[in-house]
Student: 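Have a look at the structure that comes next, please.
Chain letters run A, B, ... following the sequence lines, proteins first, then strands; residues in each count from 1. Reckoned from all heavy atoms, side chains included, excluding hydrogens, waters and symmetry mates.
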Amino acid sequence: MGVLLPSPRQGAYMSYDPQDLEARWRERWAESGRYEADPDGRDPEESTFVTVPYPYPSGGMHIGHARTYTVPDVYARYRRQQGDNVLFPIAWHVTGTPIVGAVERLKKGDESQIDSLQHAFGVPEADLKNLETPMGFARYFIEEAECSYKSGMQQLGLSIDWRREFTTTDERYQRFITWQYETLKARGLLEKGLHPVKFCTEQENPVTTHDLLEGEEVEYQEYTLVKFASATFGNDAVADAETVFPMATLRPETVRGVTNAYVDPDGEYVVARVDDERWVVSAEAAEKLEYQAHEVEIERERPGEAFVGETVTNPVTGDEVLILPASFVDTDSGSGVVMSVPAHSPDDYLALQEATADAEALETYGIDPAAVEAIEPVPILSVEGYGEIPAKDAVESAGIESADDPGLKEVTQQVYNREFHQGELHDEYGKYGGEVVEDVRDDLKAHFESQGAFATMYDFPEPVISRAGGKVVVAYQDTWFLRYNDPDWQAKASRAVANLDAIPENTREQYDHTVDWLEEWPCIRNYGLGTPLPWDQDFIIEPLSDSTIYMSYYTVAHRLQEIPVEDLTHEFFDTLLLGEGDHERARELREEWDYWYPVDYRCSANDLISNHLTFFLYHHAELFEEPKWPQGITIMGMGLLEGEKMSSSKGHVVLPGEAIATYGADTVRFFLLNSSEPWQDYDWRAEEVGSTRDQLERFWNRAVERIEGPDGERDLEQVDRWLLARLQETVVDVTAAMENFETRTASQTAFYRFEEHLKWYRRRADLERPGARWTLRTVLETRLRLLAPFVPFMANELHERLTGEPAEDVPWPEPVPEFEDDAVLAEEALVKDVLEDVWDIVDVTDTDPETIRLYVAADWKREVFDTVVETGPNQGAVMGQVMQDEALREQGDAVNDLVGDLVSFVRERDADTLETLAAIEEAAVYADAAAFLEREFDAEVAIEREDDDPADPADKAGHARPFRPAIHLE
RNA sequence: GCGCGGGUAGCCAAGUGGUAACGGCGCAGCGCUUAGGACGCUGUCUCGUAGGAGUCCGCAGGUUCGAAUCCUGUCCCGCGCACCA
């Protein structure tokens, strides 16, 4: 059941019992419907609507998902404390094939599937039967399983409005999607066309990656068929028309460099009528062409050798080239007829050499060896780093002599890359001459295709086999497309990107890039769960296309339950979502939609920018008015487990339920949000999670002690004011971070950084004083409010014990002007400096002083400091100013040194800081801290003034500088 | 190749012009304790018998009074690149 978790360490105090405490709060929240949000008296401007992609329950929930849903929760809790009416809903995405596929594999008894369910998610044997229908499977992982999403979310304490949940196969949701697609179609944004898909020849069905046994990683490629022709061909075939030899290539621009062609002499070929032409291709290719919407009628079957020695004409240059035999030709790749470009293809270069060398073989096929020997590579482009014949250079400099050389593949790849990105075509290419291949390949291809010289064929570079055992080919299928490349729609989407609060900001470029790059998106599938395409019920609207505007569905999801399905007509949604039409009930509901919309923040994974999130913007931009477009998107990073990718198939996962049972939900939440900012990757490490728990427990124990201890009263000393000033700073910083979704910064600031302040305070202050008690109580109360979004169970409990009200029910803290105090912060910094300086000296000299003398700098030194501040940090200018004083002039070098120091001191500080420093009375600060220093060092502390002719046994007083007293230990 | 991000101490990680650089883990010492993997304090680049000096942020240059931070070049790593969700 996932990775074993070590037991938490038990503290000396047993009072922190997260399981008990968290269970009580969960129950309380559920019973009171605490997070059910409805439009109320608050202004819609003060409503916050935050969403996260609805989970896809094709398996259980693991710890990686936990952060995904906790990020928006923390933001939602923060906004609630800020006084907003906050809606945070959830639903379940079951559209598409993964669940169906998982069920099928399970029913077939697929070992790895069963193993994953049992091992990673702890599904008991007895439950497996319930998973044998798609919705049974979905339902199980939505809410029935121990590792279900709903259970995980509730245990984490997510502040979700559970009344609004639905699944994407609900009838009402399907009505909504139906409306969306009818509307888009009416607006001309859907288009029908043929599209290549992976297709199993055994089952006569399209297949997805999950259906593949072999070649899961293989992507099909678009080959160009260069239509070489033979007018003379006919040695035993039908000679009544020109015969086309379509040569498959991925580099159509090399057409002018073809010197010969190859066929596999032992391969099976056919002469076939393809559409209106007669083609010669391999038998396999003929089958593939048929799948790709060509009319194919086989006239004769012939072995490859029948075509060897034939002459064919280059459709672009008009040159005649010879067909040679070659065993390396794979009849199951492309057309089975290949063209040879020895100048630019290392393979072809070597093959030609080998053919030339084997005159005997050529003669067997009736080819004149002299004719082959006469073939010279024809270069068609120039590329830096290679000579005239790049393939020759590449092969020779790599020392490759035969086609069997394992280094050939890499050399070939190198040549292809260089030529593609840097190769400039020669002038014979007319308007493409002088251009770089990368920039014109597509154009050039289209140009010759329109002239009838080229055609297109799709094929895989490696074998692909389906789980049914059938060969997978590329077939054309009728498909409906979303026209994401429509210029008007693109323009709206771009505007939606521009309006967006993209978090972090550097993702904006990725959205723009996606909008530029998206073409037509096939939005239907042949099978799977989902909403049927309204006008062609054989197809299902695919998952990325039925999840683009569903956030608007949330706003009324629970109300729609009260309406009979058949009343949810096209007009109903027109009224609800567009404000067009007169459906009465829809008009009422539109008020709720209007109250919550737009989506304020969508939190989603960074890999969804290039599809889902951009689609989300597109569809909103089209269907809604600009003020209703998404306001912000926060991107989330990936999770690792002990430094490695999580994998439910390998059982390398941690389940939230187990983690919460071990550490408590607050610890899980705090770890997930504090270990990195939402958009950064994070790493779940059990050891660190354990230590997070220890830290929270320590916090709890201190808080309980404080709550149970006496109240204190407001009688403040310097050090109390210092801590209170730090507290105000913390409030400001945490609030700023929360506004930017910087959960790590926020929680670090409120928790760890403040712990550092407290450490200093405990060392510095007498904690038994009533003033200290009052201060610590105030600090605790404020910190609990700042931490409530992160650790809501603990923070609410402690805050309630402290004040009678849970933290979530009181406002988010604001800085108290009375306690904002830069001076006291600067003064305390001086005390800390002195403390460290004295410790340094003690350490270095290894002495135990009985008396510590601090000498505060002479008045004239402070005057020099003032001058530097006024004049600016410029040595010359300051010296000019200072030297006008006769008394100082006499001290010459000493003054110069001091000015040098003070100039850099001033240069490194901003105006506000300098102003604060200028007002500080140093001697008073040290006098106030003397008792503390005496405690620290167990020594007498004497504060002296350099000016007052002090006791100075080691002649140290002169070293005093402003804000840096001289020190003498004795 | 294109797009985005990143290389900082034994590990994780903050820092985007001003002090070897917040935290956490680990490690070491001390205290507390029957004990502790609990808790508290201190330390953790090197050297140093006076608060100092030296070195340092992938590598190499440059700009600047001053660079982990800005610029140029370079090496390495991660993610995405569609019809999977």
Side-chain angles (χ1 to χ4, degrees), chain A residues 6-7 9-13 53 55-56 58 93 95-99 101 195-198 206 208-211 216 219 416-418 420-421 438 479 481 484 504 506-507 509-510 512-514 516-525 542-545 547 605-612 635 637-638 643 671 674-677 679-683 685 687-688 690-692 694-695 697-698 701 744-745 748-749 751-753 755-756 759 762-763 833-834 836-847 873-875 903-910 954 956 959 964-969:
Chain A
S7 311
R9 299 171 202 128
Q10 292 300 324
Y13 301 88
Y56 198 94
S58 58
H93 200 197
T95 307
T97 57
I99 291 175
H195 189 76
V197 299
K198 293 178 187 174
T208 69
T209 310
H210 289 284
D211 303 320
E216 278 187 59
E219 281 306 320
Y416 282 18
N417 272 335
R418 293 280 282 275
F420 181 63
H421 296 291
E438 181 173 17
T479 297
F481 297 95
Y484 290 134
N506 63 26
T507 54
E509 200 174 322
Q510 295 188 59
D512 279 328
H513 185 255
T514 305
D516 283 348
W517 156 89
L518 272 175
E519 292 184 7
E520 293 169 318
W521 180 268
C523 61
I524 57 172
R525 296 287 179 273
E542 63 88 36
L544 286 167
S545 298
S547 55
N606 52 14
D607 56 341
L608 295 178
I609 292 178
S610 61
N611 47 56
H612 166 76
I635 286 312
M638 272 197 348
F671 179 83
N674 183 63
S675 59
S676 63
E677 302 293 4
W679 47 88
Q680 296 173 322
D681 293 350
Y682 61 98
D683 190 0
R685 290 181 185 263
E687 201 173 286
E688 303 215 5
S691 102
T692 300
D694 291 346
Q695 283 147 6
E697 176 163 6
R698 208 176 311 162
N701 290 338
R744 179 179 201 274
T745 304
Q748 287 260 335
T749 305
F751 194 80
Y752 291 106
R753 206 187 294 174
E755 285 297 319
E756 293 296 306
K759 224 163 160 179
R762 276 184 222 114
R763 181 172 176 187
D833 286 346
V834 166
E836 279 168 10
D837 280 348
V838 174
W839 267 120
D840 262 1
I841 297 167
V842 167
D843 285 347
V844 171
T845 58
D846 197 20
T847 53
N874 178 315
Q875 178 96 15
V903 161
S904 37
F905 182 91
V906 166
R907 185 146 52 201
E908 287 163 12
R909 284 164 178 78
D910 61 38
K956 294 282 183 191
H959 289 99
R964 188 124 210 244
I967 298 168
H968 176 66
L969 309 187

Student: Report yes if some heavy atom in the side chain of A/Glu836 is under 4.5 Å from a heavy atom in the side chain of A/Asp840; otherwise report no.
Tutor: no

Student: B/rG5 phosphate, OP1 or OP2: any side-chain N/O from A/Asn506 under 4.0 angstrom?
Tutor: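 Yes, within the criterion.
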
Student: Name the pairing partner of B/rG1, where a pair is Watson-Crick or G-U wobble with both distances under 3.5 Å, or state none.
Tutor: B/rC81

Student: For atom NE2 of A/His959, decide whether the heavy atoms of other residues, nucleotides or ligands shown that lie under 6.0 angstrom number more than 12.
Tutor: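 Open: at most 12 neighbouring heavy atoms sit under 6.0 Å from NE2 of A/His959.
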
Student: Counting the atoms with a prime plus P, OP1 and OP2 as sugar-phosphate, which does A/Pro965 contact under 4.0 Å by heavy atoms, base, sugar-phosphate, or nothing?
Tutor: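 A/Pro965: base contact, heavy atoms under 4.0 Å.
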
Student: What nucleotide, of B/rG18, B/rU42, B/rA50, holds the atom closest to the side chain of A/Lys956?
Tutor: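 Between B/rG18, B/rU42, B/rA50, the one nearest the side chain of A/Lys956 would be B/rA50.
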
Student: Which of these nucleotides, B/rA50, B/rC84, B/rC4, is closest to any side-chain atom of A/Thr97?
Tutor: B/rC84

Student: When you compare B/rG1 with B/rU16, how far apart are their P atoms, in angstrom units rounded to a whole number?
Tutor: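 About 31 Å, rounded to a whole number of Å.
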
Student: Do any side-chain nitrogens or oxygens of A/Ser675 fall under 4.0 Å of OP1 or OP2 in B/rA13?
Tutor: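 Answer is no, no contact under 4.0 Å.
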
Student: With a 4.5 Å heavy-atom cut-off, do A/Phe905 and A/Arg964 have their side chains touching?
Tutor: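 When only atoms from C-beta onward are counted, A/Arg964 and A/Phe905 do not touch, as no gap falls below 4.5 Å.
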
Student: From C-beta outward on A/Arg907, which listed nucleotide comes closest to its side chain: B/rC65, B/rA85, B/rG80?
Tutor: B/rC65

Student: With the side chain of A/Ser610 defined as its heavy atoms from C-beta on, choose the nearest nucleotide among B/rG80, B/rG51, B/rC22.
Tutor: B/rG80

Student: Side-chain N or O of A/Arg753 versus OP1/OP2 of B/rG23: is the shortest distance under 4.0 Å?
Tutor: no

Student: Quantified in whole Å, what is the P atom distance between nucleotide B/rC27 and nucleotide B/rG80?
Tutor: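 Nearest-Å result for B/rC27 against B/rG80 at atom P: 35 Å.
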
Student: A/Glu687 has a side chain; which of B/rA82, B/rC25, B/rC39 sits nearest to it?
Tutor: B/rC25

Student: Base, sugar-phosphate alone, or nothing: which one does A/Ile609 contact when heavy atoms must sit under 4.0 Å apart?
Tutor: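 The residue A/Ile609 makes no contact with any strand.
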
Student: Does OP1 or OP2 of B/rC25 have a side-chain N or O of A/Gln695 closer than 4.0 Å?
Tutor: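 The answer is yes; a side-chain N or O of A/Gln695 sits under 4.0 Å from OP1 or OP2.
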
Student: When you match A/Trp517 and A/Arg744 each to their closest nucleotide on RNA chain B, which lands nearer the 5' end?
Tutor: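 Between the two, 5'-proximity favours A/Arg744.
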
Student: Taking the side chain of A/Val844 as its heavy atoms from C-beta onward, which of B/rA85, B/rC4, B/rA50 lies nearest to it?
Tutor: B/rA50

Student: Whom does B/rU72 pair with, Watson-Crick or G-U wobble, provided both distances fall under 3.5 Å?
Tutor: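 The answer is B/rA60, by the H-bond criterion.
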
Student: Any side-chain N or O of A/Arg763 below 4.0 angstrom from OP1/OP2 of B/rU42?
Tutor: yes

Student: Only pairs with both distances under 3.5 Å count, Watson-Crick or wobble alike; so what is the partner of B/rA28 in this structure?
Tutor: B/rU42

Student: Given the C1' atoms of B/rG61 and B/rA67, what is the spacing between them in whole Å?
Tutor: 14 Å

Student: Suppose you measure atom P in B/rG23 against the same atom in B/rC45; what distance do you get, rounded to whole Å?
Tutor: 12 Å

Student: What I'd like to find out is whether the side chain of A/Glu542 reaches to under 4.5 Å of the side chain of A/Trp521, using heavy atoms alone.
Tutor: yes

Student: B/rG52 P sits how many Å from A/Trp839 CH2, rounded?
Tutor: 17 Å

Student: So, A/Arg744 and A/Glu677, do they make that salt bridge, N to O below 4.0 Å?
Tutor: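 No, this pair does not count.
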
Student: Name the nucleic acid region contacted by A/Glu756, choosing base, sugar-phosphate or nothing; use a 4.0 angstrom heavy-atom cut-off, strictly under.
Tutor: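 Result for A/Glu756 = sugar-phosphate.
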
Student: With a 4.5 Å heavy-atom cut-off, do A/His612 and A/Ser547 have their side chains touching?
Tutor: yes

Student: Out of B/rA50, B/rG23, B/rG3, which nucleotide sits closest to the side chain of A/Tyr752?
Tutor: B/rG23

Student: Using only modelled atom types and a 3.5 angstrom limit, is any donor from either the side chain of A/Asp837 or the base of B/rG51 paired with an acceptor on the other?
Tutor: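 Check passes, donor-acceptor contact within cut-off.
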
Student: Check whether any side-chain N or O of A/Arg964 sits under 4.0 Å from OP1 or OP2 of B/rG52, and answer yes or no.
Tutor: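 Yes, within the criterion.
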
Student: Looking at every strand, decide which applies to A/Asn611 at a 4.0 Å heavy-atom threshold: base, sugar-phosphate, or nothing.
Tutor: base

Student: Roughly how far apart, to the nearest Å, are B/rC81 and B/rU74 at atom C1'?
Tutor: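 The answer is 26 Å between these two C1' atoms.
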
Student: Of the candidate nucleotides B/rA85, B/rG24, B/rG51, which contains the atom at the shortest distance from the side chain of A/Pro543?
Tutor: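 Ranking B/rA85, B/rG24, B/rG51 by closest atom to the A/Pro543 side chain puts B/rA85 first.
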
Student: Both distances below 3.5 Å, Watson-Crick or wobble geometry, any strand: find the nucleotide opposite B/rG37.
Tutor: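 No nucleotide pairs with B/rG37.
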
Student: If you only use heavy atoms from C-beta on, which nucleotide in B/rG51, B/rG40, B/rA82 is closest to the side chain of A/Ile967?
Tutor: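 Looking only at side-chain atoms, A/Ile967 lies closest to B/rG51.
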
Student: Across all strands, who's sitting opposite B/rU55 as a Watson-Crick or G-U wobble pair, both distances under 3.5 Å?
Tutor: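 The base-pairing partner of B/rU55, which may sit in any strand shown, does not exist here.
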
